[in-house]
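This report concerns only the one structure given below.
Each chain gets a letter, A, B and so on, in the order its sequence line appears, and its residues count up from 1.
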There are 2 protein chains.
Amino acid sequence: MKQSTGLFENITTVSEATRVGFISKLEEIKAEKGFKLEQEGHVSGYLYYISEGSARSYYTRENRDITVSFSLEGEFVTAMHSFITRSPSYETIETLEKSLLYRISHQNLQQCFVEFPEMERAYRIILEKYYIALEEQLIFSKFKSAKDRYLELMDKKPKIIQKASVGQIASFLDMTIETLSRIRARI
Amino acid sequence: MKQSTGLFENITTVSEATRVGFISKLEEIKAEKGFKLEQEGHVSGYLYYISEGSARSYYTRENRDITVSFSLEGEFVTAMHSFITRSPSYETIETLEKSLLYRISHQNLQQCFVEFPEMERAYRIILEKYYIALEEQLIFSKFKSAKDRYLELMDKKPKIIQKASVGQIASFLDMTIETLSRIRARI
DNA sequence: TTTAGACCTTGATAAAAGTCAAAATTTCAA
DNA sequence: TTGAAATTTTGACTTTTATCAAGGTCTAAA
């Protein structure tokens, strides 16, 4: 599980004992494209770390799926609302491509907090990052025109444009496929 | 500072020592309407607990202010992005009415984490609540029609409609004052 | 290689919301 | 209480984006 060493890199310094204890609770997942990490209606079971690949979170409304977020390599992902509240998730998360993931179950994470109080801090920092990403997304969603939202995405997360389909991007940007297509034609 | 005892109620159980230690670091603020808790361009200094009253967070774009969130009695509020990253805040937070607040400085909170590791957990839970509120707001912002967003606000946070001005509510709901006025006329 | 289905683009039209302007109403201090 | 300023509403018109429909294009299985 050597690849998972990068997992703590951007978070915080923890003792060797905590690191080893935490890593021993991780599970490696090799997922094909379209593998579902979390499912709508189920309580989120795991916190995932994307070592390689990418994922998309979405929910369904009126028979179409609406993308909530994209997650790239080096990021943590889960249905956070469900993971926190232990209530059924409204979102489904699936890989956008063949991916290598590490995950820890909610229960094991709680166990970690008890065994290694340092982990509280590490997790707090994950939460903070998650929070900030969400806040940026909210500000982003306030960009009034469809064109501005697209340009902002191009600027901030260009990888998503390569990895996701037009429909996935359009719903993420809160516009129709047609509008996105026209914006692209005009640039 | 007896009113502040309600402060931990919905969070977690902490030991008496931690509670006393934490409370000793709190500062009571009696604020008139329009008192600024945090200012755009400054690094957020405090985490506030609203004991009585309410607050509004907003940023300025093209000479008009855009409301990001409303906070009510019993909630924590700060310019979280700035509070976490220690970079200048893009938002200003002010009271909507005469309010009673308790606040802890960022530095004292960090000190608390060192003195009372239990506080990591309590703060983590505040962060989780903050996160969930933000996520709900994001979903809410995806409600397509202006009318739906207004009805949702009426349903979920009717108090805001009494406390805030039309302009504040309209910018929060991502519509013009005129559109909000017309929606209200039609209901 | 062919071809069905999915995916994407383009066009015409409609609906939603924005802008600008003016009138009505409310608020608050003199 | 009154009048000026601020806030809210209403109206006419414009812009943006959605919807519906029809063509293209790409892709993968036969």
Can you list everything that forms a salt bridge (Lys or Arg N to Asp or Glu O under 4.0 Å) with [X]? Sequence neighbours excluded, please.
| X | result |
| --- | --- |
| K30(B) | E28(B) |
| K159(A) | none |
| E128(B) | R124(B) |
| E152(A) | K156(A) |

Matching residue for E135(A) among Y131(B), Y90(B), Y130(B) - test: side chain to side chain contact (heavy atoms under 4.5 Å, CB included): Y90(B)

Result for side chain to side chain contact (heavy atoms under 4.5 Å, CB included) between C112(B) and one of E118(B), K25(B), E120(B), Q107(B) points to K25(B)

Tell me which residues in residues 162-170 of chain A lie within less than 4.0 Å of DNA chain D, going by non-hydrogen atoms. none

What one-letter contact string describes nucleotides 14-30 of chain C from 5' to 3', where B marks a base within less than 4.0 Å of any protein heavy atom, S marks contact via sugar-phosphate atoms alone, and - marks no contact? ---SSBB----------

Tell me the salt bridge (Lys or Arg N to Asp or Glu O under 4.0 Å) pairs involving residues 89-104 of chain B, sequence neighbours left out? E27(B)-R103(B), K36(B)-E94(B), R56(B)-E94(B), E97(B)-K163(B)

Quick one: which residue pairs count as a salt bridge (Lys or Arg N to Asp or Glu O under 4.0 Å) with a foot in residues 176-187 of chain B, not counting sequence neighbours? none

All side chain to side chain contact (heavy atoms under 4.5 Å, CB included) counterparts of I177(A), not counting sequence neighbours: V166(A), A170(A)

Over the length of the helix from dT1(C)-dA30(D) to dA30(C)-dT1(D), how much do the five-pair end axes diverge, rounded to 10 degrees? 40°

Would the F172(B) and F70(B) ring centres measure less than 6.0 Å apart? yes

Please identify the 5'-most and 3'-most nucleotides of DNA chain D with any atom under 4.0 angstrom from a heavy atom of chain B. dT8(D) to dA12(D)

List the residues meeting ring pair (Phe, Tyr, Trp, His ring centres under 6.0 Å) with Y58(A), not counting sequence neighbours, and say none if there are none. none

Nearest 0.5 Å, please: how far is OH in Y102(B) from CD1 in I50(B)? 13.0 Å

